Asker: 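Can you keep this structure in mind? I'll have questions shortly.
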Amino acid sequence: MSAPPPPAGGPRTTDPPRRGGNGQLGSYSGEMDVETRERLARKLTAVGEPLEVREAAAVELAEAGDRRAFETLALLLNYRDESRASRAAEALARLADPRTGRAAAALATNELRVAYALPAIRLLVRMRAPEAVPALTTTLERLLARPAPAPHERIALACVEGLGALCPRQAPPAARHALRAATAHPPLAPAARAALSDA
């Protein structure tokens, strides 16, 4: 007797979808084979690989839900080239690694790298991470305490808008205090008043 035919579409050779840290299905749908994932993973740590190659490999791995991409993407999230950092933020959002919120908060509150914090701040808001409100509040307070916060006005505005988006009902006292202080700065005042009216 001959063996029964395989199921329609051929035998299953790929892994099932993997769940992200929040229990939701990630972007990985089993479309990338193991050999390809291993080849890309080797590029992340290979000596002499250009940054562009490591970035591309990390983004592809993130698309496949492979958490080996996390370290490279977290480093790129605070890169001085904002477009590169923004691409890393997009990939991290899709990867949904549970370490992302903590890493983004650490970058957003790094006083020595505040000029490059915008992608990390936007990622925290997009993910609605538990670390987001404390991190944005801390960064906003520090910027407002400076004699001239203008050089980092975009960062401060992102914090104000982010707090408004994250606290639609009742903002924590520290966040409300920071938002009230922001109303004294004309470039921030409209967004700060809007956030306070929502919070």
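Because the structure is a prediction, the values reported are computed rather than measured. Positions are given from 1, in the same order as the sequence printed here.
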Asker: What is the distance from atom CG of Leu107 to atom CG of Leu77, rounded to the nearest 0.5 Å?
Answerer: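 Between atom CG of Leu107 and atom CG of Leu77 there are 5.0 Å.
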Asker: If you define the side chain from C-beta out and look only at heavy atoms, does anything of Leu196 sit under 4.5 Å from Thr183?
Answerer: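 Answer yes - side chains close enough.
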Asker: Using a strict threshold of under 4.0 Å (side-chain N to carboxylate O), is an ion pair present between Arg146 and Glu141?
Answerer: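 Salt bridge flag = no for Arg146 with Glu141.
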Asker: Looking only at heavy atoms, what is the nearest atom pair of Ala120 and Ala108, with distance?
Answerer: CB-N, 4.2 Å
Asker: Looking at Glu90 and Arg94, is any side-chain nitrogen of the basic one under 4.0 Å from a carboxylate oxygen of the acidic one?
Answerer: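 A salt bridge is present here (some side-chain N lies under 4.0 Å from a carboxylate O).
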Asker: Is the shortest heavy-atom distance from the side chain of Pro187 to the side chain of Leu157 under 4.5 Å?
Answerer: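 No, side chains not in contact.
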Asker: Between atom CD of Glu63 and atom CG of Leu95, what is the distance when rounded to the nearest 0.5 Å?
Answerer: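 Interatomic distance, Glu63 CD to Leu95 CG, rounded to 0.5 Å: 10.0 Å.
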Asker: Got a sec, which pairs hit side chain to side chain donor-acceptor pair (under 3.5 Å) with one end in residues 105-124, sequence neighbours left out?
Answerer: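 Side chain to side chain donor-acceptor pair (under 3.5 Å) check on residues 105-124 returns Asn78-Arg113.
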Asker: Tell me the closest heavy-atom pair linking Pro186 and Pro190, and the distance in Å.
Answerer: O-CD, 3.4 Å
Asker: Under the criterion side-chain contact (heavy atoms from CB on, under 4.5 Å), I'd like the reasoning laid out for Thr72 against Leu61: C-alpha separation, chi angles, the key distance, then a yes or no.
Answerer: CA-CA 11 Å; Thr72 298; Leu61 285 170; over 6 Å; no
Asker: Could you pull out the closest heavy-atom pair between Val125 and Gly162, with the gap in Å?
Answerer: CG2-CA, 3.6 Å
Asker: For the residue pair Ser83 and Asp81, what are the closest heavy atoms and their distance?
Answerer: OG-OD1, 2.7 Å
Asker: Just to verify, what does Glu82 make a salt bridge (Lys or Arg N to Asp or Glu O under 4.0 Å) with, not counting sequence neighbours?
Answerer: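 Arg154.
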Asker: Report yes if the side chains of Pro172 and Thr137 come closer than 4.5 Å at any heavy-atom pair, otherwise no.
Answerer: no
Asker: Donor-acceptor pair, distance only, cut-off 3.5 Å: does the side chain of Arg180 make one with the backbone of Ala175?
Answerer: no
Asker: In Å, rounded to the nearest 0.5 Å, how long is the span from CD of Glu35 to CG of Leu40?
Answerer: 10.5 Å
Asker: About how many Å separate CD1 of Ile121 and SG of Cys159, when rounded to the nearest 0.5 Å?
Answerer: 3.5 Å
Asker: Show the nearest heavy-atom pair for residues Leu188 and Ala182, with the distance to one decimal.
Answerer: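 Shortest heavy-atom separation between Leu188 and Ala182 comes out as CB-O, 3.6 Å.
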Asker: So, Asp97 versus Thr100: side-chain donor-acceptor pair below 3.5 Å or not?
Answerer: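 There is no such pair (donor and acceptor under 3.5 Å, judged by atom type) between the side chains of Asp97 and Thr100.
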Asker: Do side-chain atoms of Arg54 reach the backbone of Glu49 as a donor and acceptor pair under 3.5 angstrom?
Answerer: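 Yes; at least one donor-acceptor contact below 3.5 Å.
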Asker: Quick one: pull up CG in Leu44 and CG in Asp66 and give me the separation to the nearest 0.5 Å.
Answerer: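 If we round to the nearest 0.5 Å, Leu44:CG and Asp66:CG are 8.5 Å apart.
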Asker: Measuring only between side-chain heavy atoms, which start at C-beta, is Leu144 closer than 4.5 Å to Leu140?
Answerer: yes
Asker: Just by modelled atom types, is the Met32 backbone N or O under 3.5 Å from a matching donor or acceptor in the Arg37 side chain?
Answerer: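 Side chain of Arg37 to backbone of Met32: a pair is present.
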Asker: List in chain and number order the residues that pass salt bridge (Lys or Arg N to Asp or Glu O under 4.0 Å) with Arg193, two or more places apart in sequence or in another chain; answer none if no residue qualifies.
Answerer: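 For Arg193, no residue satisfies salt bridge (Lys or Arg N to Asp or Glu O under 4.0 Å) once neighbours in sequence are set aside.
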Asker: Quick one: list whatever passes salt bridge (Lys or Arg N to Asp or Glu O under 4.0 Å) with Arg87, sequence neighbours left out.
Answerer: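 Once residues adjacent in sequence are excluded, the partners of Arg87 under the salt bridge (Lys or Arg N to Asp or Glu O under 4.0 Å) criterion are Glu55.
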Asker: According to salt bridge (Lys or Arg N to Asp or Glu O under 4.0 Å), who are the partners of Glu52, at least two apart in sequence or on a separate chain?
Answerer: Arg84
Asker: Hydrophobic clusters join Ile, Leu, Val, Met, Phe, Trp and Tyr when side-chain heavy atoms are under 4.5 Å apart, directly or via other members; which others share one with Tyr79?
Answerer: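 The other cluster members (ILVMFWY side chains, heavy atoms under 4.5 Å, direct or chained) are Leu51, Leu76.
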Asker: Thinking salt bridges, do Glu71 and Arg99 make one under a 4.0 Å N-O criterion?
Answerer: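 A salt bridge links Glu71 with Arg99.
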